[in-house]
J.: 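Would you mind keeping the following structure in view while I ask a few things?
Hydrogens, waters and symmetry mates are skipped; everything else that's a heavy atom, side chains included, is used. Each chain gets a letter, A, B and so on, in the order its sequence line appears, and its residues count up from 1.
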Amino acid sequence: MIGKQRGSLGERTFDIFNYVFMALFSFICVYPFYYVFIYSISEPRLAQKGVYFWPASLNIDAYVKVFSLNTIPHAFLVSVEKTLLFTILCVYFSAMLSYLFTKHQMPFRRLMYRIVISSMYLNSGLIPWYITMKTYGLRNSFLLYVLPGIINAFYIILIKTYIEQLPSSLEESAQLDGAGFMTVFNKIIFPLSKPIVATVAVYASVGCWNTWIDNYLLVEKANLQTIQVILYGYLNEAQSMTQDLAAMAAHAGAGRQLQFSPETIKMSITVISVLPIILVYPFLQKNFIKGIMLGAVKG
Amino acid sequence: MLSKKNRIGWKYFLIAMPFMIYVIAFYFVPLFGWIYSFYNYNPALSFSQLKFVGFDNFMKMYNERSEIYRVLKNTLAMSFLLILVTPLPLIAAIMMNEIRHTKYKRFIQTVTTLPNFISWIVVFALAFAVFSSDGLYYTLLKNLHLDVPVIGLLGNNGAAWFFQAGLYVWKTIGWTMIIYMAAIAGIDSEQYEAARIDGAGKFGLMRHITIPGLAPTFFVLLLLQISNLLNNGFDQYFVFYNSLVADKLDVLDYYIYKVGWAVSDYSYATVLGMVKSLLGIALLFSVNYLSKKTKGESIL
């Protein structure tokens with residue numbers, strides 16, 4: 001059977017091309033990450049001459065320096081805190097509202113659902129958003145990172161669809177035993193929705209980790225800076241540095257022995273800001289695919 | 001008295017109330033900010049002290065039409081480039097489907113979706129490491145003694161649109177590919193069997209089963225892309241903006257930020273944002289209407 005299906009010459013050529021092409025495609029996607037990593041752990045002066053596949057003479061001074069800077073570990077911590085807090089609140093409250101939307105006895109259910117869904121299409125724009133957040137007193141406040149976006153229409157659709165196909169008998173028997181809304185939700189619905197809750201948690205946490213515009217526009221306090229904005233600051237500094245070639249030349253002309261190249265520092269901060277994503281990546285990826293499949297089923 | 005069923009219903013309603021207040025506070029109240037487009041907004045003044053200027057801020061759009069035209073040109077150029085590349089993830093998914101080694105397949109899937117998880121700031125960091133004038137690409141060329149003129153891609157005005165489109169493809173292709181993979185998984189395997197019995201080869205199956213099977217998904221994603229004609233997103237253009245490519249990366253989303261922050265013309269920026277939002281909604285609904293008319297399905 002298998003021997004008979006060898007395929008034509010054209011098909012075999014395609015297969016070879018396909019395998020090579022996909023390998024190349026994967027390489028292009030992942031190599032920049034790898035490059036930044038090996039650069040960051042290379043001896044700065046050797047790295048400048050070019051590193052390609054292996055780090056040039058291991059040197060982790062850049063990381064020592066970055067961690068002694070204090071601002072970076074602190075910003076990292078702020079990012080972790082806001083991501084954890086936001087994800088928990090977002091998942092829990094979005095799930096609770098989704099559950100309420102499955103309750104047909106609730107008056108104005110359809111109207112409320114429509115209001116929530118229309119939030120997906122309404123975009124006030126940057127300035128009105130900025131003014132509103134300022135009016136709410138969220139300027140220079142940690143809550144700015146956490147409060148907006150807890151209820152998300154897209155997550156509501158996903159979770160509601162999932163809860164609707166759970167067997168209703170479990171819930172009913174619990175209610176007969178005298179369990180109230182919160183008990184049913186916390187003890188039955190929420191745990192049963194684990195697959196979709198995990199998916200939404202991934203969406204929410206990745207989104208939160210990567211968001212920086214709130215920090216950039218509304219938070220100036222040093223102790224509330226997130227790692228993304230810190231990274232941007234360093235990059236921007238380096239960019240103006242490279243653009244200003246004259247200044248660079250003068251720098252080199254002075255013959256000062258630089259202990260740390262700004263390049264290496266930048267690369268190590270990049271690595272640090274991607275690290276949490278890479279660490280939880282296998283988990284993320286699995287759930288993302290699951291989320292898409294659930295979305296695909298929905299149509 | 002309320003019946004028991006109604007009482008429970010109203011109880012749910014009460015629990016839902018805080019959520020609704022939240023939704024209105026964070027998604028609908030900002031819309032009231034549009035009112036500032038009729039005023040001369042000044043952050044230092046309270047609302048009653050603001051000067052009502054009628055449609056002056058809208059007139060400004062007309063008075064600055066050459067600027068608007070320039071920004072719109074960039075916006076549409078980027079959007080059309082992104083519409084042009086919509087078949088790429090589809091092609092990648094079809095090719096991916098032909099890979100039979102499960103482990104290799106899973107490896108490709110894992111690796112190619114990685115760029116989707118990082119922020120544009122990190123994309124910028126990576127692009128900087130690779131394409132700046134002393135980044136990987138030029139170091140490699142120099143070490144190979146290939147004498148090419150160094151034009152750092154980040155500051156290359158002529159290539160700016162294509163470079164940004166390329167970065168966008170790099171970031172999103174693996175992720176969109178998974179959507180198509182899900183759609184392929186949904187194609188009835190009996191169709192493949194039947195076609196194979198009819199003597200269809202690999203290319204025959206692709207042409208007659210896989211591609212038609214993916215057409216609806218492709219169509220929906222294409223329509224969504226079209227309805228986003230005016231939304232290029234802000235982050236990407238913000239991080240890659242520099243003086244050398246300024247006149248190419250000034251897309252609507254970035255321009256609104258610039259008017260609001262650099263020039264502090266809050267009211268005019270509000271007008272631009274409002275017009276953009278309303279046109280976006282109109283576009284979305286017309287595209288949806290067309291889809292319903294022609295294909296009988298709604299994309300919303």
Side-chain angles (χ1 to χ4, degrees), chain A residues 7-8 11 14-15 18-19 21-22 25-26 29-30 32-33 35-36 39 50 93 97 100 103 105-108 112 115-116 119 121-129 131-132 148 150-151 181 206 210 212 228 231-232 235 239 242-243 266-267 270 273-274 277 281 284-285 288-289 292-293 296, chain B residues 5 8-10 12-13 15-16 19-20 22-23 26-27 29-31 33-34 95-96 98-99 107-108 110-115 117-119 121-122 124-126 128-130 132-134 136 139-140 143 174 178-179 182-183 186 201-202 239 242 256-257 260 266 269-270 273-274 277 281 284:
Chain A
S8 67
E11 290 179 356
F14 171 80
D15 270 342
N18 194 15
Y19 273 69
F21 179 83
M22 280 299 168
F25 176 30
S26 309
C29 284
V30 83
F33 293 93
Y35 172 71
V36 166
Y39 196 110
F93 287 124
L97 185 58
L100 284 166
K103 292 291 172 199
Q105 312 95 302
M106 185 166 72
F108 306 112
M112 290 198 283
I115 291 175
V116 172
S119 74
Y121 306 109
L122 295 169
N123 185 357
S124 60
L126 204 59
I127 306 292
W129 172 81
I131 294 172
T132 312
I150 287 178
I151 301 293
F181 172 82
V206 171
N210 286 335
W212 51 273
Q228 303 280 348
L231 172 64
Y232 180 72
L235 289 170
Q239 193 188 21
T242 28
Q243 266 172 12
K266 246 169 44 194
M267 305 265 187
T270 309
S273 66
V274 192
I277 300 234
Y281 187 54
L284 288 183
Q285 210 244 356
F288 249 75
I289 292 174
I292 291 191
M293 295 292 185
Chain B
K5 189 176 166 239
I8 290 176
W10 283 105
Y12 292 143
F13 180 80
I15 303 172
F19 293 109
M20 295 314 291
Y22 171 90
V23 167
F26 279 93
Y27 294 102
V29 169
L31 293 175
W34 283 355
M95 291 176 71
M96 177 84 162
E98 292 302 323
I99 291 192
F107 170 77
I108 298 167
T110 306
V111 159
T112 54
T113 46
L114 182 57
F117 294 96
I118 57 172
S119 69
I121 291 181
V122 175
F124 177 55
L126 298 178
F128 195 84
V130 175
S132 67
S133 48
D134 42 23
L136 167 73
T139 315
L140 180 66
N143 288 355
I178 295 183
I179 298 179
K202 194 190 289 273
V239 292
N242 63 52
I256 292 170
Y257 159 80
Y266 289 90
T270 307
M274 179 172 105
S277 277
I281 291 174
L284 182 67

J.: Are any non-hydrogen side-chain atoms of B/T112 and B/M96 less than 4.5 angstrom apart?
T.: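 Not touching, per the 4.5 Å side-chain cut-off.
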J.: Is B/F13 atom CZ crowded by more than 12 heavy atoms from other residues, nucleotides or ligands, each under 6.0 Å away?
T.: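 Yes, the 6.0 Å shell around CZ holds more than 12 heavy atoms from other groups.
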J.: Taking every heavy-atom pair that is under 4.5 Å apart, which of A/W212, A/F21, A/W129, A/F14 has the most such pairs with chain B?
T.: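 If we count pairs closer than 4.5 Å to chain B, A/W212 comes out on top.
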J.: For B/L284, is it the side chain, the backbone, both, or neither that has a heavy atom closer than 4.5 Å to a heavy atom of chain A?
T.: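 Only the side chain of B/L284 comes within 4.5 Å of chain A.
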J.: Less than 4.5 Å to any heavy atom of chain A: does that hold for the side chain of B/M20, its backbone, both, or neither?
T.: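 It is the side chain, since no backbone atom gets that close.
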J.: Highest number of heavy-atom pairs under 4.5 Å with chain B: which of A/V36, A/I127, A/L97, A/V116?
T.: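 Among A/V36, A/I127, A/L97, A/V116, the one with the most close pairs to chain B is A/I127.
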J.: Side chain, backbone, both or neither: which part of B/I118 has a heavy atom under 4.5 Å from chain A?
T.: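 Both parts, heavy atoms under 4.5 Å.
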J.: Under 4.5 Å between any side-chain heavy atoms of A/N123 and B/I281, yes or no?
T.: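 Counting from C-beta outward, A/N123 and B/I281 never come under 4.5 Å.
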J.: Flag the one option from A/P32, A/S26, A/P107 with the top tally of heavy-atom pairs under 4.5 Å to chain B.
T.: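 Between A/P32, A/S26, A/P107, the count favours A/P107.
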J.: Please classify the contact between A/S119 and chain B as side chain, backbone, both or neither, with a heavy-atom cut-off of under 4.5 Å.
T.: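 When you check distances to chain B, atoms from both the backbone and side chain of A/S119 fall under 4.5 Å.
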J.: Among B/I15, B/I121, B/V111, single out the residue with the greatest number of heavy-atom pairs under 4.5 Å to chain A.
T.: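 Greatest number of close heavy-atom pairs with chain A: B/I121.
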J.: Is there side-chain contact between B/F26 and A/I151, with heavy atoms separated by less than 4.5 Å?
T.: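 Result no, sub-4.5 Å side-chain heavy-atom pair not found.
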J.: Do A/P128 and B/L31 make a side-chain contact, defined as non-hydrogen atoms from C-beta onward lying under 4.5 Å apart?
T.: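 No, side chains not in contact.
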J.: Against chain A, work out which of B/L126, B/T139, B/V122, B/I256 has the most heavy-atom pairs shorter than 4.5 Å and name it.
T.: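 The residue among B/L126, B/T139, B/V122, B/I256 with the greatest pair count is B/L126.
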J.: On a heavy-atom basis, which atom in A/N210 and which in B/F117 lie closest, and how many Å separate them?
T.: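 Looking at all heavy atoms of both residues, the shortest contact is ND2-O, 2.8 Å.
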J.: At a heavy-atom distance under 4.5 Å, which candidate from B/G260, B/G186, B/P115 has the highest pair count against chain A?
T.: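 Most heavy-atom pairs within the cutoff with chain A belong to B/P115.
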J.: Counting only heavy atoms closer than 4.5 Å, note whether A/M22 contacts chain B via side chain, backbone, both or neither.
T.: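 For A/M22, backbone and side chain are both near chain B.
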J.: Do B/F128 and A/K266 make a side-chain contact, defined as non-hydrogen atoms from C-beta onward lying under 4.5 Å apart?
T.: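 A side-chain contact under 4.5 Å exists here.
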J.: By a 4.5 Å heavy-atom criterion (distance strictly below it), what part of A/S124 contacts chain B: side chain, backbone, both, or neither?
T.: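 For A/S124, heavy atoms of backbone and side chain both lie under 4.5 Å from chain B.
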J.: Parallel, tilted or perpendicular: which one describes the rings of B/W10 and A/F108, with boundaries at 30° and 60°?
T.: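 It falls in the perpendicular class, over 60°.
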J.: Is chain B contacted by the side chain of A/Y35, its backbone, both, or neither, given a heavy-atom distance below 4.5 Å?
T.: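 Interface part for A/Y35: side chain.
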J.: Under 3.5 Å, side chain of B/T113 to main-chain N/O of B/T110, donor-acceptor pair present?
T.: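 Here the side-chain-to-backbone pair exists.
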J.: Out of A/I131, A/I115, A/L126, which one racks up the most heavy-atom pairs below 4.5 Å with chain B?
T.: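 Going by pairs under 4.5 Å, I would pick A/I131.
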